[in-house]
Amino acid sequence: MNAEQYMHIALKQAQKAFLKDEVPVGAVIVENKTGKIISRAYNQTEHSLDPTAHAEILAIRKACKKLKSKRLWGCSLFVTLEPCTMCASAISHARIENLFIGALDEKGGAVINSIRFFESRICHFTPRIETEILEKESSEMLKSFFKNKRTS
C-alpha cells in the first residue's frame, strides 16, 4: 500500500470519532518492512474524559503493547491532522521513523506550525515528515465537524 491508502484508513478512524462527537482525527501505525497495520485509533478525549486520549497517543499505546516495546523503530504513523506538542513529543519518544500528516493545523499543530517541536533542542528523535497527504479530505471533515458545532 502507499501513503494515500494508509491515510484513507486513518480517515476511516477519524470518521468514527466524528460519529461519536469527538474531534475527527484518526491515526494508523504501520510496520515499514511488511506494510502491516500495527494499530489504529481515533480521538476519544470527550468520552474517556482524558485529555491525553488523542488518536496518536492511543495508536502509540496500542502499537507498543502489541510489539511489547516502548520504541517503534521501523514504523510509520499516518495521522489526519498535524500533531500537537504532546503528540509530537510522544512520537519522538517512541522513535517512530516516518510521520505522514493529512491536514496542517495552524493553531494547534506543533510539527510544521507553531513551536515546530522536532526542530527544538529538547527533541530526542526526529522522524522523516511528509505533509498534506489527502489534505483536502482531512480538512473537510474537520471543517464540517466544527461547522456543525457552531450551528447546534
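If you read the sequence from its start, that first residue is 1, and numbering goes on from there.
- Listed for the Lys20 side chain is no donor-acceptor partner under 3.5 Å among the backbone atoms of Gln44.
- Judged by distance alone, the side chain of Asp105 and the main-chain N or O of Lys107 form a donor-acceptor pair under 3.5 Å.
- Looking only at distances, no side-chain donor or acceptor of Gln13 sits under 3.5 Å from a matching main-chain atom of Val25.
- Side-chain atoms of Ser92 and His124, non-hydrogen and from C-beta on, do get closer than 4.5 Å to each other.
- Here the NZ-NZ distance, from Lys143 to Lys136, works out to 10.0 Å after rounding to the nearest 0.5 Å.
- Taking all atoms of both residues into account, the shortest heavy-atom contact from Val79 to Met7 is O-CE, 3.5 Å.
- Proximity of a side-chain donor or acceptor of Tyr6 to a complementary backbone N or O of Ile37 within less than 3.5 Å is not detected.
- Pro83 is listed as a side-chain neighbour of Leu99, based on a closest heavy-atom distance under 4.5 Å.
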**Report entry** Gln5 and His8: CA distance, side-chain angles, deciding distance, side-chain contact (heavy atoms from CB on, under 4.5 Å) verdict
**Finding:** CA-CA 5 Å; Gln5 291 170 309; His8 274 295; 5.5 Å; no

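- If you take OG1 on Thr80 and CD1 on Ile9, they are separated by 13.0 Å, rounding to the nearest 0.5 Å.
- Two residues are said to be in side-chain contact when any heavy atoms from C-beta on lie closer than 4.5 Å; Leu77 and Asn98 fail this criterion.
- Using a 4.0 Å cut-off between charged side-chain N and carboxylate O, Glu130 and Arg128 make a salt bridge.
- Scanning all heavy atoms of the two residues, the minimum distance from Val111 to Phe118 falls at CG2-CE1, 3.7 Å.
- Here the CG atom belonging to Leu104 is positioned 8.0 Å from the CD atom belonging to Glu106, to the nearest 0.5 angstrom.
- Side chains of Lys36 and Val30 form no contact here, defined as non-hydrogen atoms less than 4.5 Å apart.
- Residue Val28 is grouped with residue Leu134 when hydrophobic side chains (ILVMFWY) are merged at heavy-atom distances under 4.5 angstrom, including chains of intermediate members.
- Using bins of under 30°, 30° to 60° and over 60° for the plane-to-plane angle, the ring pair Phe145/Phe18 lands in the perpendicular bin.
- Residues Ala55 and Ala41 approach most closely at O-CB, 3.6 Å, considering heavy atoms.
- A donor-acceptor contact shorter than 3.5 Å links the side chain of Arg71 to the backbone of His93.
- In this structure, the side chains of Phe100 and Ile129 stay at 4.5 Å or more apart for every pair of heavy atoms.
- Residues Glu46 and Asp21 share a closest heavy-atom pair of CG-O, 4.2 Å.
- When side chains are defined from C-beta on, Ile29 counts as touching Ile60, because their heavy atoms get closer than 4.5 Å.
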Query - Audit row: Cys64, Ser69, side-chain contact (heavy atoms from CB on, under 4.5 Å) steps and yes/no - result: CA-CA 5 Å; Cys64 287; Ser69 175; 5.9 Å; no

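- For Tyr42 and Lys12, the side-chain atoms include no donor-acceptor pair closer than 3.5 Å.
- Between Phe117 and Ile91, the closest side-chain pair of non-hydrogen atoms is not below 4.5 Å.
- Looking at Ser39 and Lys66, their side chains never come closer than 4.5 Å, going by heavy atoms from C-beta outward.
- Distance check, rounded to the nearest 0.5 Å: CZ of Arg95 to OG1 of Thr126 gives 10.0 Å.
- Heavy-atom minimum distance, Ala27 versus Ala59: CB-CB, 4.1 Å.
- No donor-acceptor pair closer than 3.5 Å links the side chain of Asn43 to the backbone N or O of Pro24.
- Ile133 and Ile112 fall within the same hydrophobic cluster, defined by Ile, Leu, Val, Met, Phe, Trp and Tyr side-chain heavy atoms under 4.5 Å apart, directly or through other members.
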**Report entry** CA sep, side-chain torsions, deciding dist, call: Ser76, Phe78, side-chain contact (heavy atoms from CB on, under 4.5 Å)
**Finding:** CA-CA 7 Å; Ser76 294; Phe78 295 81; 3.8 Å; yes

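- Asp50 and Thr52 share a donor-acceptor pair across their side chains, judged by distance under 3.5 Å alone.
- Distance check, rounded to the nearest 0.5 Å: CD of Glu82 to CD of Glu135 gives 11.0 Å.
- Expressed to the nearest 0.5 Å, how far CD of Glu132 lies from OG of Ser139 amounts to 10.0 Å.
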Requested in this report: Please step through side-chain contact (heavy atoms from CB on, under 4.5 Å) for the pair Cys87 and Ile57, ending with a clear verdict.
Outcome: CA-CA 6 Å; Cys87 293; Ile57 301 290; 3.8 Å; yes

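- Residues Leu11 and Ser138 share a closest heavy-atom pair of CD2-OG, 3.6 Å.
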